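Everything on this sheet refers to the single structure shown next.
Every number for a ligand or one of its atoms is a count from 1 in the order of the listing. These numbers come from a predicted model, not from an experiment. Computed from heavy atoms alone, side chains included, the values below leave out hydrogens, waters and symmetry copies.
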Amino acid sequence: MAIKREDLIHPFISGNKYRKLKYNIKEAKRIGATTLLTFGGAFSNHIAAVAYAGKVNGFKTIGVIRGEELGLNQELNPTLQFAKTCGMHLDFISRASFRKKTSKDFIGELKDRFGDFYLLPEGGTNNLAVKGCEEILQADDFNFDYICCAVGTGGTISGIINASQRHQKILGFPALKGDFLQQDIRKFANQDHWDLITDYHFGGYGKIKPELITFINRFKRVYNIPLDPIYTGKMLFGVFDLIEKGFFPKDSKLLVIHTGGLQGIAGVNAMLKRKNQPLIEV
Ligand SMILES: *Cc1c(COP(=O)(O)O)cnc(C)c1O
């Protein structure tokens, strides 16, 4: 098994989020946009990435954040604090409003409030993001039989699917519950040698169990590679479990994509500490 360290390609814009923003930033510049607006939750890697990418590329950035209560807390969590330090304007909205974020009316209201902007969807997935993720695979990655990656909105795996060869099998490990993912990926993927392994979301997006923390800490001690608890930790937990269960034929060559997400650890640890649960070792 080999691990592709996409977490190391950039110090602040974590792994796949860098790939997903690359062509969107280019497009935003080409059309003369001055502001990037996007959506995300409290620990969102995408929010952190957009804030930083906006700063270094000269865009104003607006982050519309799920959960009004987060704005009332005097102290922002490390992800949101980082975004704010990069100059991102944070706009906190209720969970009910957040659900409407793709509606025309809601986008119209945002334009009335903030003026014109280049819209990046939650998680950053669109056609240009998938194009960026097609660059994750390189020629020597075609020797692998299986390529495994974590799935949130499906943009990253779609790029990997498109760039892969037919003799390979791409396995996605969703970090959340959701039957919509299959269809979402089909919208962007142009080949069908892939599958979703839906047994390792640990109860849903952002849900964390002590056994996951134990696995992440053990993995770090043995391989000296940090994993995040939202995406890559769950995926590698699944890969190891499948290996143990004999899922992969003997002598299969596995490539695992480390998509990054390590910036989220500090915020998750603060939450675990409040709940008196074991922490991720850093
Ligand atoms: C966002 C993210 C994912 C999921 O990517 P999608 O393109 O939304 O499926 C996986 N891993 C990490 C670390 C992420 O930050």
Open item on the list: Quick one: does any side-chain atom of Asn16 pair with a main-chain N or O of Ile157 as donor and acceptor, under 3.5 Å?
Closed with: no

Open item on the list: I need the atoms of ligand 1 closer than 4.0 Å to a non-hydrogen atom of Gly260, numbered in the order shown.
Closed with: 13 (C)

Task: Gly261-ligand 1 polar pair, N/O distance under 3.5 Å - done: no

Open item on the list: Can you tell me which portion of Asn45 lies within the under-4.0 Å heavy-atom range of ligand 1? Options are side chain, backbone, both, or neither.
Closed with: side chain

Task: Sub-3.5 Å N/O-N/O distance, Gly154 and ligand 1 - done: yes

Task: SB check Lys111 Asp116 (cutoff 4.0 Å) - done: yes

Task: Nearest-contact summary for atom 2 (C) of ligand 1 - protein heavy atom, Å - done: Lys17 NZ, 2.4 Å

Task: Per-residue contact class, Lys20 against ligand 1 - non-hydrogen pairs under 4.0 Å - done: side chain

Open item on the list: Please determine whether the number of non-hydrogen atoms from other residues, nucleotides or ligands lying under 6.0 Å from atom OH of Tyr18 exceeds 12.
Closed with: no

Task: Side-chain donor-acceptor pair present, Asn57, Lys29, cut-off under 3.5 Å - done: yes

Open item on the list: Under 4.0 Å, counting heavy atoms only: does Gly15 come that close to any atom of ligand 1?
Closed with: no

Task: atom 5 (O) of ligand 1: nearest protein contact (heavy atom, Å) - done: Asn16 ND2, 3.0 Å

- [ ] Would you check whether Tyr231 has a nitrogen or oxygen atom less than 3.5 angstrom from a nitrogen or oxygen atom of ligand 1?
- [x] no

Open item on the list: Geometry only, no angles: is Gly155 polar-contacting ligand 1 at N/O separations under 3.5 Å?
Closed with: yes

Task: Region of Ile157 that comes within reach of ligand 1 [heavy atoms, distance under 4.0 Å] - done: neither

Task: Of Lys17, Arg19, Lys20, the residue whose pairing with Glu6 passes salt bridge (Lys or Arg N to Asp or Glu O under 4.0 Å) - done: Arg19

TODO: Over 60° means perpendicular and under 30° means parallel, so classify the ring planes of Tyr52 and Phe82, tilted if in between.
DONE: parallel

Open item on the list: Show, in sequence, the C-alpha distance, side-chain angles and deciding distance for Glu281 and Lys220, and conclude whether the salt bridge (Lys or Arg N to Asp or Glu O under 4.0 Å) test is met.
Closed with: CA-CA 8 Å; Glu281 291 161 15; Lys220 169 110 186 287; over 6 Å; no

Open item on the list: Less than 4.0 angstrom from a charged side-chain N to a carboxylate O is my criterion; do Arg30 and Glu27 meet it?
Closed with: yes

Task: Contact (N/O only, under 3.5 Å) between Thr259 and ligand 1 - done: yes

